[in-house]
Amino acid sequence: MSNDQLQTIVACFGKPVAGNPTQYMMERAFEHHALDWRYLTLEVDAADLEDAIRGMRAMGFRGANLTKPHKVSVIPLLDELTETARLMGAVNCIDRQGDKLLGDNADGKGFLMSLQELLDPQGIHAVVLGAGGAARAIAVELAQAGAEQITVVNRTPQRGEELVQLLNEKTPAQARFQPWENHFVLEQPCQVLVNATSIGLFDPEARVPVDPHSLELAQVVADVVFNPVETRFLQEAAAAGARTLNGLGMLVNQAAICFQRWTGQEPEVSVMRDALEEFFGL
Ligand code: NDP
């Protein structure tokens, strides 16, 4: 088959968990936009990532998503990074530009876009539970969008303190670290409280250890976990009177950003959202 007969391929490198909702959304969007493209989910071990990226270059893949455990280790294998990806130190989207591979991170923007449907992040106090990849992406985007105070709460202090240092040194926000011991207690009202840990993923019964009264002090309570969609944390927050934001919006929005990068077209986001809801049987 000659190169011009090859279909355009985008890959997701990582460890696929229980199917890949992003593949489902992307394939549906390609079809809707009459693009003869394919989105493949390829399980790649950490030790094989370098070969996979070389293969992507050799086979002319148009782009890729990265999931765990590759978001950080892919960085030295790329040619360029966006400012956002550089700041976060993590990449979830590769965009081939000519011979070069550009790394971006759309996770935080995806969250921000869904939050902006509920409130303006300018001047807010946000509390971020977690300090891993998702938390870093969210905290950096919130800071860049004008959040004034960011409290980072994490089980492992070193990881939390590193994120706080990054926010204070590289963004205009004022950040502080609060260790997470037993149940987290929110000391003052905040506009946004987001669970950016993996607690609750595939476990509808899992409790995020937050004092139930603290949930009453948050205007919006969000969860990055999207499976299950309505986590126990969100159910408890809704019962406490908070507005809630589930992880689907973040997932759709980050996919829409990647789609736009690869194809140069604005995707019909409602088509992607419908596909995702279908995937989760909603
Ligand atoms: P990481 O492994 O990088 O970070 C996990 C975080 O969760 C760390 O802060 C870790 O704390 C914390 N954590 C895990 N278990 C516990 C526990 N029992 N008690 C307290 N803290 C805990 O993962 P990611 O940041 O990449 O992913 C986190 C979640 O975000 C996943 O569920 C993922 O599916 C979701 N996600 C959702 C997206 C979306 O579009 N909706 C996009 C990207 C991710 P510690 O540092 O102490 O280990």
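Counting convention: from 1, in listed order, for ligands and their atoms alike.
- Of the polar atoms of Ala135, none of the N or O atoms is found under 3.5 Å from an N or O of ligand 1, judged by distance alone.
- A salt bridge is defined here as a Lys NZ or Arg NE, NH1 or NH2 lying under 4.0 Å from an Asp or Glu carboxylate O, and Asp203 with Arg232 fails to meet this definition.
- The protein heavy atom nearest to atom 4 (O) of ligand 1 is Gly132 CA, 3.4 Å.
- For the pair Arg96 (side chain) and Arg62 (backbone), a donor-acceptor distance under 3.5 Å is absent.
- Checking side-chain atoms of Asn105 against main-chain N and O of Ala85 turns up no donor-acceptor pair under 3.5 Å.
- Between Leu112 and Leu142 there is a side-chain heavy-atom pair separated by less than 4.5 Å.
- Checking only distances, Lys68 does come within under 3.5 Å of ligand 1, N or O to N or O.
- Residue Val224 places at least one N or O, backbone or side chain, under 3.5 Å from an N or O of ligand 1.
- Contacts between Asn154 and ligand 1, counted as non-hydrogen atom pairs separated by less than 4.0 Å, involve the side chain only.
- Using a 4.0 Å heavy-atom cutoff, Ala131 is listed among the residues neighbouring ligand 1.
- Residue contacts with ligand 1, taken as heavy atom pairs separated by less than 4.0 Å, do not involve Arg136 at all.
- Counting only heavy atoms of the protein, atom 3 (O) of ligand 1 lies nearest to Gly133 N, 3.0 Å.
- At a heavy-atom distance under 4.0 Å, atoms from both the backbone and the side chain of Thr156 approach ligand 1.
- Here is the list of ligand 1 atoms found below 4.0 Å of a heavy atom in Leu251: 40 (O).
- Of all the heavy atoms of Met250, the ones lying under 4.0 Å from any atom of ligand 1 are found in both the backbone and the side chain.
- By the 4.5 Å heavy-atom criterion applied to side chains, Asn246 and Asp223 are not counted as neighbours.
- Ring planes of Phe259 and His33: tilted class, angle from 30 to 60°.
- In this structure, atom 27 (O) of ligand 1 lies nearest to the protein heavy atom Ala134 CB, 4.2 Å.
- Residue nearest to atom 16 (C) of ligand 1, selected from Arg159, Arg207, Gln254, Arg155: Arg155 (by heavy-atom distance).
- Between Trp180 and ligand 1, not a single N/O pair is under 3.5 Å apart.
- For atom 33 (C) of ligand 1, the nearest protein heavy atom lies 4.0 Å or farther away.
- Inter-residue side-chain proximity for Val127 and Val192 is flagged as unmet; no heavy-atom pair is nearer than 4.5 Å.
- Contact annotation: for Ile199 versus ligand 1, heavy atoms closer than 4.0 Å belong to the side chain alone.
- Among all non-hydrogen protein atoms, the one lying nearest atom 6 (C) of ligand 1 is Thr197 CA, 3.9 Å.
- Looking at heavy atoms from C-beta onward, Leu102 lies out of side-chain contact with Ile94 at the 4.5 angstrom threshold.
- Which parts of ligand 1 touch Gly130 is read off a 4.0 Å heavy-atom cut-off, strictly below it: atoms 9 (O).
- Between Val225 and ligand 1, no N or O atom pair is found at a separation short of 3.5 Å.
- Taking atom 14 (C) of ligand 1 as the reference point, the nearest protein heavy-atom neighbour is Ser198 OG, 3.5 Å.
- No side-chain heavy atom of Phe233 sits under 4.5 Å from any side-chain heavy atom of Arg207.
- Within the 3.5 Å criterion, the main-chain N or O of Pro157 finds no donor-acceptor partner in the side chain of Trp180.
- With His32 contributing its side chain and Met272 its backbone, the two residues share no donor-acceptor pair below 3.5 Å.
- In terms of polar-atom proximity, Leu201 is not counted as a contact of ligand 1, lacking any N or O under 3.5 Å from an N or O of the ligand.
- Of the charged side-chain nitrogens involved, none lies within less than 4.0 Å of a carboxylate oxygen, so that Asp99 and Arg57 do not count as a salt-bridged pair.
- A 4.5 Å side-chain heavy-atom check between Val91 and Ile75 finds at least one atom pair inside the cut-off.
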